[in-house]
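Please read the structure below before turning to the comments.
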Amino acid sequence: MAEEQYSELANYEFGVKKNLVSIRNEKAESETSDDEKVICEVQKEHDDTNDCCSDPLQRIVHGFNHFLSNKFNKYPCLFNELAKTQNPKFLVFSCSDSRVSPSHFLNFQPGEAFMARNIGNLIPIYNTLKYSGVGAIIEYAVTHLEVENILVIGHSSCGGIEALMSDPVGSDFIDDWVNIAQIVKNKVKAE
């Protein structure tokens with residue numbers, strides 16, 4: 001029963017995204033000179049939160065209510081099952097960038113992917129004293145959840161990688177974090 005609802009939820013998500021792409025393509029064909037206007041129009045047609053987007057609290061409340069009515073209340077068996085246990089097939093490493101959401105562009109449904117997101121999408125080398133948060137994510141996903149697939153997703157125009165490749169910005173945390181990839185930076189610069 002939960003699998004059927006899971007499938008229905010995936011089909012619902014796919015349908016919404018397909019409609020969004022259709023709307024965007026139609027708009028793009030008629031107004032190709034102004035991409036920004038197309039994106040705004042698509043967002044207005046896709047999301048009925050326009051009235052409350054200027055108030056962050058209302059936006060959060062509206063988003064949660066949308067989730068309740070369009071997902072949680074429609075698929076109670078799925079969410080009752082997920083309340084008891086999780087059995088994700090994927091461990092996904094992705095950047096924290098607000099433009100990069102693996103659940104959206106890979107159409108992951110609740111319970112499908114264990115997520116690890118950070119600036120620059122970096123995975124530090126094994127070290128029990130430093131960056132243990134990432135190590136704990138990997139250990140939990142592999143040993144307790146027994147994930148079958150590990151996916152590392154990068155993206156273009158990444159601020160974290162830009163910070164790594166440029167001179168230190170003098171930050172308290174960013175420089176230290178991105179420097180875990182210093183060896184890779186040196187290799188790239190040498191090549």
Exercise for review: If a pair satisfies salt bridge (Lys or Arg N to Asp or Glu O under 4.0 Å) and one of its residues is in residues 116-141, list it, with sequence neighbours excluded.
Suggested key: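 Non-adjacent pairs meeting salt bridge (Lys or Arg N to Asp or Glu O under 4.0 Å): Lys130-Asp176.
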With sequence neighbours excluded, what pairs up with [X] under the side chain to side chain contact (heavy atoms under 4.5 Å, CB included) test?
X	value
Val184	Val188
Ile138	Leu91, Phe93, Ile123, Val134, Val142
Ser132	none
Leu68	Phe64, Asn65, Phe72, Asn73

**Study point:** ring pair (Phe, Tyr, Trp, His ring centres under 6.0 Å) partners of residues 151-182, not counting sequence neighbours, each pair once
**Key:** Tyr131-Trp177
For [X] and [Y], work out which heavy atoms get closest and say how close.
X	Y	answer
Val100	Phe105	CG1-CE2, 3.7 Å
Leu82	Gly111	CD2-CA, 3.7 Å
Leu145	Pro88	CD1-CG, 3.8 Å

Review point. Considering residues at least two apart in sequence or located in another chain, which fulfil the side-chain hydrogen bond (donor to acceptor under 3.5 Å, both in side chains) criterion with Asn186?
Key: Gln182
Check your understanding: Do other residues, nucleotides or ligands put more than 12 heavy atoms under 6.0 Å from the CD atom of Gln86?
Key -> yes
Review point. Under 4.5 Å between any side-chain heavy atoms of Pro102 and Ile153, yes or no?
Key: yes
Exercise for review: Could you tell me whether the side chain of Leu106 reaches within less than 4.5 Å of the side chain of Phe90, counting heavy atoms only?
Suggested key: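 A side-chain contact is absent here, since even the closest heavy-atom pair is not under 4.5 Å.
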Point to revise | Residue list, salt bridge (charged side-chain N to carboxylate O under 4.0 Å, His left out) with Asp97, at least two apart or on another chain | key: Arg99
Review point. Under the 3.5 angstrom rule, does the side chain of Gln58 hit a backbone N or O of Pro56 as a donor-acceptor pair?
Key: no
